[in-house]
Amino acid sequence: RKIKMSFIFYSILSSLVFFFSGIGLALLITPKGLKKYALYFSPVIGYCYLTLAGWHISTFGQQIVFNKDGRIASVNSVSGLNFHGTDSYAFFLLLPPLIFLAAAILLRKKIDLGQLKASLKGFIVPFAIAFVCFLIFSVPLMSYKEPMTTISIGNHDIIDCGLKSRFLKEFSLSDTTGYLSHLTDGHSSLKHDVITSRFGAPFAAAYLASLFSLEAYQFQSLISHIFFMFGVLLFYALAREIFKYGEFPSAAVAALYGLSPTLYYIAYQGFQPQMVAMAIVAGFFFLHFHAVNNVSTLRKYYPYIPLAALLNWGMSITY
């Protein structure tokens, strides 16, 4: 029982990290008409912020060398600042969110506190639905003697994600220790994939592993599961705002999404980036549906641009 509770415990802690990392930014950059949904957006915004900050720290002072085919052949350090993975800077990434939250509080005159209180009250039902769906979703994983692990029903993508997470957690991009010096057809396939396409989800797992002093493999399935939960929250918000459903129909829509066998199949196959990307896309669609329905001029669209750009970054770096 204690071992099974460890998965729930670290899932809650990990979710709180994403909520904390994004709530300040959500209050600052969410368009005025969507402030009441800041809590729904905050974990996805937190993920986008963490991957953006992690990307710049990881690539800082690194010279990327390409071969003739446009593939990355090597990465060389050109400065004294060479961060050795998330282990060396995980806690520092929590400081900017604290500043963002302080700024949001200082600018509270621009934020409708009554609306935020109503949003907190209305958040209870969708969060309860999302958490129950998360528990049902996690039953197969928690049936193992050691649920803080990674599972797949056959696909090997999760192994690739785990390898990238281990790399991002403990090494710099310019390290050539062991398998990091291995070249395939004249290029470093691992570093190429990390830099060009599969940075986001592996980095999030590496970051949480560093933050909680655990191993990267222990967060591969967990990342998929908590982003599944964030997706349930955003689908509830979509139903409320875009389709104008009441509380009960919106809860039903969120529950149906949370019990979808398609999502279970994707997660149990270990398609980690896809699970993360679905939550981001839900937020992206929500933002633009709201803009289409409520914005009549280009000038009125300007407040949507910061959040749209951040979500676009998150999607691009994830999948």
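For clarity, every value in this text was computed on a predicted model and none was experimentally measured.
The closest donor-acceptor contact from the side chain of Ser165 to the backbone of Pro202 lies under 3.5 Å. Judged by distance alone, with hydrogens and angles left aside, the side-chain atoms of Lys169 form no donor-acceptor pair with the main-chain N or O of Glu215 at under 3.5 Å.
Nearest heavy atom pair, residue Pro303 against residue Arg299, reads CD-O, 4.0 Å. Taking both residues in full, the closest heavy atoms of Thr59 and Trp55 are given as OG1-O, 2.8 Å, listed atom of the first, atom of the second, then distance. The shortest heavy-atom contact between Phe199 and Val194 is CB-O, 3.2 Å.
Between Tyr89 and Phe92, the distance separating the two ring centers is not shorter than 6.0 angstrom. Note: Phe18 and Phe227 meet the aromatic proximity criterion, with ring centroids under 6.0 Å apart. The aromatic ring centroids of Tyr47 and Phe230 lie 6.0 Å or more from each other. Within the 6.0 Å centre-distance limit, the rings of Phe284 and His288 are counted as a close aromatic pair. A distance of 6.0 Å or more separates the ring centres of Phe167 and Phe203. Checked against the 6.0 Å centroid criterion, the rings of Tyr40 and Phe123 qualify as a close aromatic pair.
Using a 30° and 60° split on the angle between ring planes, Tyr304 and Tyr301 fall in the parallel class, below 30°.
Paired with His225 under the rule side-chain hydrogen bond (donor to acceptor under 3.5 Å, both in side chains), one option of Ser138, Ser14, Ser15 passes, and it is Ser138.
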